[in-house]
Amino acid sequence: MTAVMLQKDSNFQSVPTRVLYGLFVGLSLAMIVLAFWFNTPTEIWEGFWLITRSPATLLTDYMALANPGATLMNAAIMTLQAMVVVWTCRAKINGPVISALFLIIGFSFFGKNLYNSMPIVLGALAYAKVTNNPLERSLLAALFGTALGPLVSELTFNQGLALPIGVTVGLSVGFITGFVLPPLAQHLITFTKGFSLYNVGFTCGFVGSIFISIMRSFGMEINTVSIISTEYTEAFSVILLVLFGVMIVYGAFVNQFKLAGLVNIYKHTGQLSTDFLDVGGIGATIMNMGALGIFSTLYVLTLGGALSGPVIGGILTIVGFGSFGKHLFNCMPIMVGATFMSYITEHTTQEPAILIAILFSTTLAPIAGRYGTLVGIIAGAIHLTLVVNVGFLHGGVNLYNNGFAGGLVAGMMVPILEAIHVHRVARLNPQRPEVDPAEEVETLS
């Protein structure tokens with residue numbers, strides 16, 4: 001399979017790897033400081049322990065389950081753990097890794113914790129060892145694959161098993177899950193042809209559905225929940241907007257206050273794999289991430305939504321993928337389509353699940369990037385109708401429910417769109433060869 005070759009412009013300013021490590025460590029320390037601003041050390045410790053032993057299925061907002069301080073502490077610890085994994089794999093911090101790190105921060109507000117993520121990470125890295133591949137080859141599957149953390153927590157704490165048995169079963173299933181994710185993710189990307197950015201989330205949907213089917217066959221009940229906070233919107237509005245504003249200013253400084261790299265980013269469809277650090281440079285990429293963050297936050301507030309843990313997770317995920325496929329011009333049509341569909345159906349944009357679906361529908365941003373605004377709006381609309389129904393299959397143990405739904409939407413739409421596109425190009429320009437998007441995809445393994 002031919003990979004897209006993206007040449008890095010020598011005019012773009014680069015940031016040493018140690019500085020990028022430092023930025024994420026600094027972000028972790030900032031979250032720890034904020035944690036003690038919200039809550040006392042005792043409240044944070046008790047809340048953190050409650051987070052660690054919760055089933056964590058969708059939607060479990062850790063700020064509602066425990067408190068904001070414990071949630072921020074959980075996010076800081078998860079970020080530092082992920083940085084250790086990246087360092088262990090001797091991987092450079094590029095666009096995909098940045099997106100994975102921000103995604104882990106976001107989902108540490110709901111669903112992920114140190115206990116339920118580590119066996120999955122170890123399983124993915126074990127796959128690299130067993131197959132004699134560099135650890136770096138399984139890094140993204142290890143980081144993104146923590147979407148199935150609730151499966152580990154559910155088996156450990158919520159099925160009535162004695163704790164030693166629950167821990168053994170939960171950790172074992174988590175390890176097996178992580179082990180099978182790298183080869184499955186590499187294979188399933190051919191189904192979406194890179195037009196759904198959450199490829200590992202799509203894979204996790206299948207793996208989670210299989211395990212939940214087995215559990216249900218043995219009489220186990222898995223119930224989704226809706227534990228959502230609404231009282232911290234004002235505080236986190238300020239925190240997020242300040243963070244994203246600082247990102248834009250820092251990115252502009254690194255980019256020497258030029259827009260050239262940002263323009264290059266906006267020209268790309270975002271189809272996997274498009275590392276925006278190679279396309280526009282680190283400065284422009286950080287500017288793009290900050291702009292996406294401000295837009296997403298204001299979009300949620302404009303719709304009248306609350307900044308709950310899952311919504312904050314959705315915003316941070318969009319920001320992270322601002323380094324790896326998303327920009328304002330390919331995200332907006334998808335979000336508009338999902339919002340429009342919520343208005344003409346029985347859903348409302350004040351529902352946390354709908355707000356989250358609108359944010360995470362941007363997994364389909366490359367469809368808008370390649371086929372245009374109207375098609376992007378249609379893709380977003382279809383995504384919303386599908387995502388509210390597929391959660392039953394995996395019982396809420398796949399945190400990337402939108403990645404699962406987005407993969408199905410892309411798998412359905414892209415062959416039709418490409419057939420129309422190929423025939424139109426052939427009719428208008430018979431001499432021009434058309435490249436199959438599948439041949440442009442670099443796998444996430």
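- Side-chain N/O atoms of Asn402 and Thr363 include no donor and acceptor closer than 3.5 Å.
- At distances below 3.5 Å, not a single donor-acceptor pair connects side-chain atoms of Gln271 with backbone N or O atoms of Gly369.
- A side-chain donor from one of Tyr299 and Thr339 sits under 3.5 Å from a side-chain acceptor of the other.
- Using a distance-only test at 3.5 Å, with no hydrogens or angles considered, no donor-acceptor pair links the side chain of Ser296 to the main chain of Gly293.
- Counting only residues at least two apart or on different chains, the side-chain hydrogen bond (donor to acceptor under 3.5 Å, both in side chains) pairs with a member in residues 43-58 are Asn39-Glu43, Thr40-Glu43.
- Under a 3.5 Å cut-off, the side chain of Gln350 and the backbone N or O of Leu303 do form a donor-acceptor pair.
- By the ring pair (Phe, Tyr, Trp, His ring centres under 6.0 Å) test, Tyr232 is found to be paired with no residue, residues two or more places apart in sequence or in another chain being considered.
- Checking each of Leu277, Ile282, Leu101 against Ser323 for a side chain to side chain contact (heavy atoms under 4.5 Å, CB included) leaves exactly one that passes, namely Leu277.
- Closest approach of Ser108 to Thr71, counting heavy atoms only: O-CG2, 4.0 Å.
- Using cut-offs of 30° and 60° for the angle between ring planes, the Phe206 and Phe404 rings count as perpendicular.
- To the nearest 0.5 Å, the span separating CG on Leu307 from CD on Glu231 amounts to 12.0 Å.
- Between Thr348 and Ile354 there is no side-chain heavy-atom pair separated by less than 4.5 Å.
- Under a 3.5 Å cut-off, the side chain of Ser117 and the backbone N or O of Lys112 do not form any donor-acceptor pair.
- Between the side chain of Asn255 and the backbone N or O of Ala260, no donor-acceptor pair lies under 3.5 Å.
- Scanning both residues, Leu114 and Met78, for their nearest heavy atoms gives N-SD, 3.4 Å.
- Using cut-offs of 30° and 60° on the angle between ring planes, the pair Phe24 and Phe102 is perpendicular.
- Inter-residue side-chain proximity for Gln81 and Val121 is flagged as met; some heavy-atom pair is nearer than 4.5 Å.
- Nearest heavy atom pair, residue Ala75 against residue Ile105, reads CB-O, 4.1 Å.
- Asn199 contributes a side-chain N or O that, together with a main-chain N or O of Ala185, makes up a donor-acceptor pair within less than 3.5 Å.
- Not less than 6.0 angstrom separates the ring centroid of Phe202 from the ring centroid of Tyr198.
- In terms of heavy atoms, Asp61 sits closest to Ser229 at OD2-OG, 2.7 Å.
- With respect to Leu408, the side chain to side chain contact (heavy atoms under 4.5 Å, CB included) criterion is satisfied by exactly one of Thr192, Val387, Leu386, Ile382: Leu386.
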**Request:** Please step through side-chain contact (heavy atoms from CB on, under 4.5 Å) for the pair Thr79 and Leu27, ending with a clear verdict.
**Result:** CA-CA 9 Å; Thr79 306; Leu27 181 57; 5.7 Å; no
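- Between the side chain of Asn398 and the backbone N or O of Gly208, no donor-acceptor pair lies under 3.5 Å.
- Note that the OH atom of Tyr62 and the CG atom of Leu50 stand 9.5 Å from one another [nearest 0.5 Å].
- Using modelled atom types, no side-chain atom of His327 and backbone atom of Gly270 make a donor-acceptor pair closer than 3.5 Å.
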**Request:** Could you go through the side-chain contact (heavy atoms from CB on, under 4.5 Å) check for Thr88 and Val84 one step at a time?
**Result:** CA-CA 6 Å; Thr88 301; Val84 171; 4.0 Å; yes
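- When all heavy atoms are compared, the tightest approach of Met287 to Leu259 is CE-CD2, 4.1 Å.
- Looking at Asn330, its side chain never comes within 3.5 Å of a backbone N or O of Arg370 through a donor-acceptor pair.
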**Message:** side-chain contact (heavy atoms from CB on, under 4.5 Å), that's the test. Do Ile248 and Ile294 meet it? Break it down for me.
**Reply:** CA-CA 10 Å; Ile248 292 175; Ile294 290 177; 3.6 Å; yes
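- Note that OG of Ser99 is 13.0 Å distant from CD1 of Ile318, once rounded to the nearest 0.5 Å.
- Environment of CZ in Phe340: sparse, with no more than 12 heavy atoms of neighbouring residues, nucleotides or ligands closer than 6.0 Å.
- When all heavy atoms of Leu384 and Ala357 are compared, the closest pair comes out as CD1-CB, 3.6 Å.
- Counting only heavy atoms from C-beta outward, the side chains of Leu58 and Val225 never approach each other to under 4.5 Å.
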